[in-house]
Amino acid sequence: MITRKEAIKRLESVSLPDIVLEDHRRELRASLLAEYGRRRLPARTMLLSQIWSSTRNWKTIAVTSAVWVVIAVVITLLVIIPASLPSSTAMAIDAVMADSQVRAFMVGDEMESITVMPTEGGVLEVMVEGRGGAIIIASVNVRNGTVTITEITYIAMLGSIFEPEERITGDAADKVIAVASTDREFRQLLDKGAVVDKVVAIQTIVSRRHTDTGETTEERERWAMVTMALDGKQWYFLVDPLGSRVINRSTIPIP
Amino acid sequence: MLSLEAEKNLVERAKTSPEAFGELFDLYYRPIFGYALRRTADLETARDVTSVVFFQALRQIRKYEWRGISISHWLYRIANREIVDSHKRRSRMGFPRGESESEESNRGLRDEIALAASEMKRNEEFLDLHACLVRLPLRYQETITLRYFEDKDIREVAVILGKPEGTVKSLLHRGIEKLRKMMEL
């Protein structure tokens with residue numbers, strides 16, 4: 001059984017091929033520079049040049065006009081009409097957000113983001129991410145609006161405020177803050193003048209339930225918690241330094 | 001590496017000066033070829049993708065608007081699109097790309113590819129990992145490769161792929177989960 005952490009470590013530590021095709025590089029460079037010299041912008045537009053020229057070629061004008069009409073019809077059919085109809089993506093989001101099971105799983109958590117990815121056979125995969133770290137993945141059949149939850153992930157923190165903290169300092173803390181800085185809210189707080197109060201190590205359990213197969217996996221992972229302070233208020237961000245995930249836990253009580 | 005200000009000047013000059021375009025090429029040939037190679041693990045495809053990237057860059061450089069970030073993001077984006085297209089072309093053909101007559105005649109480049117191919121075979125660990133990675137849908141392949149092999153942060157990956165940062169994070173999360181399962185097989 002390979003854990004998520006091991007998979008990420010393998011991605012980070014694999015030795016990558018570092019090959020350069022020197023002959024190709026030289027030839028491509030020479031071709032590009034030769035092409036640079038040859039490049040000329042097309043100097044005329046066929047239809048306008050024909051209309052305004054003294055020797056008008058009506059056959060060319062008719063053909064070019066017909067082409068433009070066809071293009072206009074195609075744009076209308078492919079872009080303008082579909083844009084006025086509700087998209088399958090919007091339908092999928094509505095279906096997932098209205099689903100009673102999804103709403104039940106998200107109780108106590110705010111929605112952070114929703115991502116829709118096409119799969120096959122008229123099915124869209126919708127990923128709902130909560131601010132507290134819950135992730136729900138559901139398949140939506142856009143033909144009949146059926147929502148099937150395929151995976152639910154929760155992140156639970158271990159330990160309590162009564163246990164001694166394991167402070168993270170130096171380069172390790174800088175790395176955690178760099179990952180945290182990829183989060184929009186974290187950056188906004190920094191811009192407003194918030195300061196990082198402390199960075200501590202925290203044990204988490206990432207519990208993943210695959211509802212389609214009935215399989216549940218639990219992984220203990222060492223994350224970090226960054227505490228920020230501004231005007232007497234505090235914010236808590238859970239950071240997975242390996243997976244680059246940042247979760248704002250400010251609205252959820254700290255154990 | 002150039003500072004952003006120096007790169008901005010170089011890009012502006014490259015719009016009218018072939019020498020400046022040559023400098024840009026020298027700066028980014030290696031990263032773009034490397035990315036294409038790490039995405040495809042195929043030297044010929046990586047070579048073709050790199051050629052297309054720089055020819056497209058040449059065609060569009062005059063319209064390029066500086067947005068305060070390195071032009072390499074734009075080149076990566078073109079490379080990504082070309083890799084997806086080459087993948088679709090191969091899928092439609094249903095068999096590996098054959099050698100064209102002009103390639104056949106170009107003995108020097110063929111020899112170079114053959115030499116590099118034997119070097120490539122030595123990267124066994126990477127090739128094993130890549131074999132798992134290519135079994136994922138393309139959207140996961142591109143996100144994972146940019147994040148872990150190209151060492152781009154979430155913001156950079158989002159710029160290159162033209163997706164919101166939240167989507168990139170979700171794709172990474174899901175992609176790694178899928179990759180983990182592939183590794184177990």
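Lettering of chains follows the sequences in order, A, B, ..., and the numbering in each one begins at 1.
Remark: the backbone N or O of A/Ile2 is paired with a side-chain donor or acceptor of B/Arg180 at under 3.5 angstrom. Although no hydrogens or angles enter the test, the distance criterion places a donor-acceptor pair under 3.5 Å between the side chain of B/Glu112 and the main chain of A/His24.
Between the CG atom in B/Leu43 and the CD1 atom in A/Ile19 there is a gap of 5.5 Å [rounded to 0.5 Å]. One distance of note links OH of B/Tyr35 with CG of A/Leu16; it measures 13.0 Å at 0.5 Å rounding. Atom-to-atom distance recorded for A/Leu28:CG and B/Phe55:CZ is 6.0 Å, nearest 0.5 angstrom. Residue A/Arg10 holds its CZ atom at 14.5 Å from OH of B/Tyr148, rounded to the nearest 0.5 Å.
Contacts between B/Leu129 and chain A at a heavy-atom distance below 4.5 Å involve backbone atoms as well as side-chain atoms. For a residue to count as touching a neighbouring chain, one of its non-hydrogen atoms must lie under 4.5 Å from one of that chain's; by this rule B/Phe33 touches chain A with the side chain only. Interface remark: A/Glu22 contributes backbone and side-chain atoms alike to the contact with chain B (heavy atom separation under 4.5 Å). Both the backbone and the side chain of B/His173 come within contact range of chain A, each with at least one heavy atom under 4.5 Å from a heavy atom of that chain. In this structure, chain B has a heavy atom under 4.5 Å from the backbone of A/Thr3, while its side chain stays farther away. The contact between B/Leu171 and chain A is made entirely by side chain atoms (from C-beta outward), counting heavy-atom distances below 4.5 Å. Proximity to chain A (any heavy atom under 4.5 Å) is shown, for B/Phe149, by both the backbone and the side chain. Looking at A/Arg26, neither its backbone nor its side chain comes within 4.5 Å of chain B, counting heavy atoms on both sides.
Nearest heavy-atom pair, B/Leu172 versus A/Arg4, reported as atom, atom and distance to 0.1 Å: O-NH2, 4.4 Å. When every heavy atom of A/Ala7 is checked against every heavy atom of B/Ile176, the shortest pair comes out as CB-CG2, 4.4 Å. Taking both residues in full, the closest heavy atoms of B/Ala14 and A/Tyr36 are given as O-OH, 2.6 Å, listed atom of the first, atom of the second, then distance. Considering every non-hydrogen atom in both A/Val20 and B/Arg30, the closest pair reads CG2-NH1, 3.3 Å. Considering every non-hydrogen atom in both B/Ser170 and A/Met127, the closest pair reads CB-SD, 3.0 Å. Considering every non-hydrogen atom in both B/Leu58 and A/Leu32, the closest pair reads CD2-O, 3.6 Å.
Contact tally against chain A (heavy-atom pairs below 4.5 Å) for B/Arg38, B/Lys181, B/Glu165, B/Glu177: the top residue is B/Glu177. When the candidates B/Ala46, B/Ser51, B/Ala41 are compared by the number of heavy-atom contacts under 4.5 Å with chain A, B/Ser51 comes out ahead. Contact count versus chain B (heavy atoms, under 4.5 Å) is highest, among A/Leu11, A/Val246, A/Leu33, for A/Leu11. Contacts with chain A were tallied for B/Asp26, B/Asp151, B/Leu179, B/Thr145; B/Asp26 has the most, counting heavy-atom pairs under 4.5 Å. The choice from B/Glu184, B/Lys163, B/His130, B/Glu19 that makes the most heavy-atom pairs within less than 4.5 Å of chain A is B/Glu184. Chain A forms the most heavy-atom pairs under 4.5 Å with one residue out of B/Pro164, B/Gly34, B/Gly166, B/Gly22, and that residue is B/Gly22.
You'll find the side chain of A/Arg187 reaches within 4.5 Å of the side chain of B/Arg155, heavy atoms only. A heavy-atom distance below 4.5 Å is not found between the side chains of A/Arg29 and B/Phe54.
The pair A/Glu125-B/Arg174 meets the salt-bridge criterion, with a side-chain N (NZ, NE, NH1 or NH2) lying under 4.0 Å from an Asp/Glu carboxylate O. In this structure, A/Asp183 pairs ionically with B/Lys169, as a charged nitrogen and a carboxylate oxygen lie closer than 4.0 Å.
Within 6.0 Å of NZ on A/Lys5 lie more than 12 heavy atoms contributed by other residues, nucleotides or ligands. The number of heavy atoms from other shown groups lying within 6.0 Å of CZ (A/Arg184) does not exceed 12. Summarising the local packing, CG of A/Asp171 is surrounded by 12 or fewer heavy atoms from other residues, nucleotides or ligands at distances under 6.0 Å.
Not counting sequence neighbours, A/Glu12 has no partner by the salt bridge (charged side-chain N to carboxylate O under 4.0 Å, His left out) test.
Near-neighbour residues of residues 115-127 of chain B relative to chain A, defined by a heavy atom under 4.5 Å from a heavy atom of that chain, comprise B/Ala116, B/Glu119, B/Met120, B/Asn123, B/Glu125, B/Phe126.
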